[in-house]
**Q** 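Dropping a structure here in structure tokens format, bear with me for questions.
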Amino acid sequence: MSKIFVDACFGKETPYTPVWMMRQAGRYLPEYMEVRAKAGNFLNLCHNPQMACEVTIQPLDIVGVDAAILFSDILVVPNEMGMHLEFVKGEGPIFKDPIKTEADIDALLGGKEAADKLTYVYETIKLLKEKLPEDKALIGFTGAPWTLATYMIEGQGTKTYNICKKLIYSNPELMHKLLAKVTEVVKHYMENQILAGADVVQIFDSWAAALEKNAYFEFSWKYMVEIAEYLKEKYPEIPVIMFPKGIGQYLDDIYGNFDVFGVDWSTPMALAKEKLGDKYVLQGNMEPCRLYSKEKTTACIEKIQEIMGGKRHIFNLGHGILPDVPVENAKHFVNECHRVSKKA
Ligand SMILES: Cc1c2[nH]c(c1CCC(=O)O)Cc1[nH]c(c(CCC(=O)O)c1C)Cc1[nH]c(c(CCC(=O)O)c1C)Cc1[nH]c(c(C)c1CCC(=O)O)C2
């Protein structure tokens with residue numbers, strides 16, 4: 001049976017435009033909070049395939065999205081490369097011993113060896129393949145090497161990226177050494193997710209907008225394309241989605257072999273269509289805060305539909321759903337995407 005989401009990723013005609021939401025398995029769902037409480041904490045939940053499988057499926061049953069995204073986190077990768085990871089309440093993720101020197105990079109586990117340690121992720125995918133309805137796609141994912149490196153170097157989330165930028169402008173070779181090492185792990189990580197059963201993969205570059213244009217293409221996009229091209233060469237039937245957040249000013253320079261370009265909420269959809277719509281299927285891009293109003297949600301969905309015309313498009317938010325959004329409004333978003341795009 002063909003999956004509407006996979007068809008849409010390849011730009012094929014579908015009965016309606018499929019929709020999913022970044023961060024769709026998460027804290028706005030009381031059912032998620034229940035499972036997380038049982039797990040004890042967020043990382044335990046990521047490490048437990050049964051529970052991770054359960055929360056991955058929740059948004060399909062509750063909100064009605066067309067694809068499931070594997071429940072995990074981008075930071076399990078540096079964690080399995082040997083960095084101690086903690087999620088501190090109210091502060092987010094913390095690496096207590098951030099990368100500072102070449103010796104720190106050399107000490108990290110690399111390549112397939114590191115990727116093979118993420119067994120709980122592959123177990124979750126295998127369970128999901130048994131449980132998901134045949135017509136629903138499963139999206140695997142990774143963080144982009146640059147976004148992962150920001151946490152590995154800063155030790156936590158950052159507003160200024162000043163330690164990373166100091167490295168980029170004072171010792172670019174060292175930054176490239178780290179990025180190249182993370183890239184090798186991520187290639188195998190994505191490959192392992194595909195072999196376990198992921199139907200589609202997305203690369204999240206959440207902190208793309210931290211870099212000026214030249215630096216962005218040199219320190220981030222190049223590595224994302226390297227990963228995408230590795231996967232497309234071996235697994236052409238698996239769509240690759242790229243999501244570099246906040247780089248609407250750099251669209252003229254986007255290149256590479258991948259299928260779907262994720263448009264964030266700060267980039268006008270019409271601009272993305274003009275610059276990239278012939279080359280890539282576009283995904284996005286409602287401002288997630290519109291979910292606080294059903295009216296504003298409908299208005300935005302109608303506008304996006306008018307621009308995209310139901311062709312070469314996947315509905316999504318322009319970044320993750322926030323924890324205090326009413327579930328009812330998330331359902332409204334999904335229903336409206338289906339309503340406006342349904343073909344007679
Ligand atoms: C930057 C980043 C991270 N993680 C991720 C990114 C890139 C995507 C993005 O930009 O949103 C990706 C991610 N994180 C999570 C998913 C699951 C799948 C999904 O539903 O999208 C995905 C795809 C679960 C999560 N990852 C996290 C949660 C919240 C943890 C909890 O349950 O308390 C979830 C559901 C925690 C997390 N994880 C991360 C941070 C900064 C935080 C804390 C911030 C916060 O609390 O929102 C790192």
Side-chain angles (χ1 to χ4, degrees), residues 19-48 51-60 62-63 65 67-79 83 85-95 120-121 124-125 128 137-152 154-159 161 186 189-190 193 198 200-210 220 224 241-247 262 264-266 283-285 288 316-325 330:
V19 54
W20 67 285
M21 297 184 295
M22 285 187 269
R23 292 285 182 98
Q24 66 188 19
R27 290 166 293 186
Y28 72 105
L29 291 175
E31 293 86 348
Y32 167 84
M33 295 310 287
E34 237 172 76
V35 179
R36 195 186 70 171
K38 257 194 264 167
N41 63 46
F42 172 66
L43 262 186
N44 286 350
L45 182 49
C46 293
H47 292 158
N48 183 314
M51 288 181 172
C53 173
E54 188 179 345
V55 299
T56 300
I57 295 174
Q58 283 174 350
L60 279 79
I62 301 166
V63 189
V65 288
I69 179 160
L70 162 75
F71 186 83
S72 183
D73 196 81
I74 60 168
L75 298 177
V76 294
V77 168
N79 188 203
M83 298 184 71
L85 172 64
E86 261 178 82
F87 280 85
V88 180
K89 225 183 165 146
E91 279 178 65
I94 307 275
F95 289 113
Y120 45 91
V121 172
T124 304
I125 294 175
L128 280 162
L138 175 61
I139 306 168
F141 72 90
T142 179
W146 158 251
T147 287
L148 293 177
T150 65
Y151 290 98
M152 295 168 83
E154 305 272 346
Q156 58 190 30
T158 166
K159 289 202 165 73
Y161 308 88
V186 166
Y189 182 45
M190 288 293 90
Q193 288 191 24
V200 177
V201 292
Q202 172 156 322
I203 306 179
F204 284 89
D205 199 4
S206 304
W207 311 134
S220 187
M224 288 173 70
I241 308 173
M242 302 283 235
F243 179 66
K245 182 174 170 277
I247 56 142
D264 74 278
W265 60 266
S266 72
Q283 173 175 279
N285 74 335
N316 203 319
L317 303 174
H319 199 199
I321 184 170
L322 292 159
D324 62 342
V325 165

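Order of listing sets the numbers, starting from 1, for every ligand and every atom in it.
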**Q** Which value, rounded to the nearest 0.5 Å, describes the distance between N285 atom CG and M22 atom CE?
**A**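 So the gap between those two atoms works out to 9.0 Å.
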**Q** Under the 3.5 angstrom rule, does the side chain of W207 hit a backbone N or O of W146 as a donor-acceptor pair?
**A**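 No, the answer is negative, given that no donor and acceptor are paired below the 3.5 Å cut-off.
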**Q** I'd like a table of the close N/O pairs between ligand 1 and the protein (anything under 3.5 Å), one pair per line with both atom names and the distance.
**A**
residue	atom	partner	partner atom	Å
ligand 1	4 (N)	R23	NH2	3.4
ligand 1	4 (N)	D73	OD1	2.9
ligand 1	10 (O)	S206	OG	2.4
ligand 1	10 (O)	H319	NE2	2.6
ligand 1	11 (O)	R23	NH2	3.4
ligand 1	11 (O)	H319	NE2	3.2
ligand 1	14 (N)	R23	NE	3.3
ligand 1	14 (N)	D73	OD1	3.1
ligand 1	20 (O)	Q24	N	3.1
ligand 1	20 (O)	A25	N	3.0
ligand 1	21 (O)	R23	N	2.7
ligand 1	26 (N)	D73	OD1	2.8
ligand 1	32 (O)	Y32	OH	2.5
ligand 1	32 (O)	R36	NH1	2.7
ligand 1	33 (O)	R36	NH1	2.2
ligand 1	38 (N)	D73	OD1	2.7
ligand 1	46 (O)	R27	NH1	3.0
ligand 1	46 (O)	R27	NH2	3.1
ligand 1	47 (O)	R23	NH1	3.4
ligand 1	47 (O)	R27	NH2	2.7

**Q** Roughly how far apart are M51 CE and L45 CG, rounded to 0.5 Å?
**A**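 The distance works out to 7.5 Å.
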**Q** After noting the C-alpha distance and the side-chain angles of F141 and I69, does the key distance pass the side-chain contact (heavy atoms from CB on, under 4.5 Å) rule?
**A** CA-CA 8 Å; F141 72 90; I69 179 160; 3.8 Å; yes
**Q** Check step by step if side-chain contact (heavy atoms from CB on, under 4.5 Å) holds for T147 and K245.
**A** CA-CA 10 Å; T147 287; K245 182 174 170 277; over 6 Å; no
**Q** Sub-3.5 Å donor-acceptor pair from the side chain of N41 to the main-chain atoms of N44, do we have one?
**A**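 At least one qualifying donor-acceptor pair exists.
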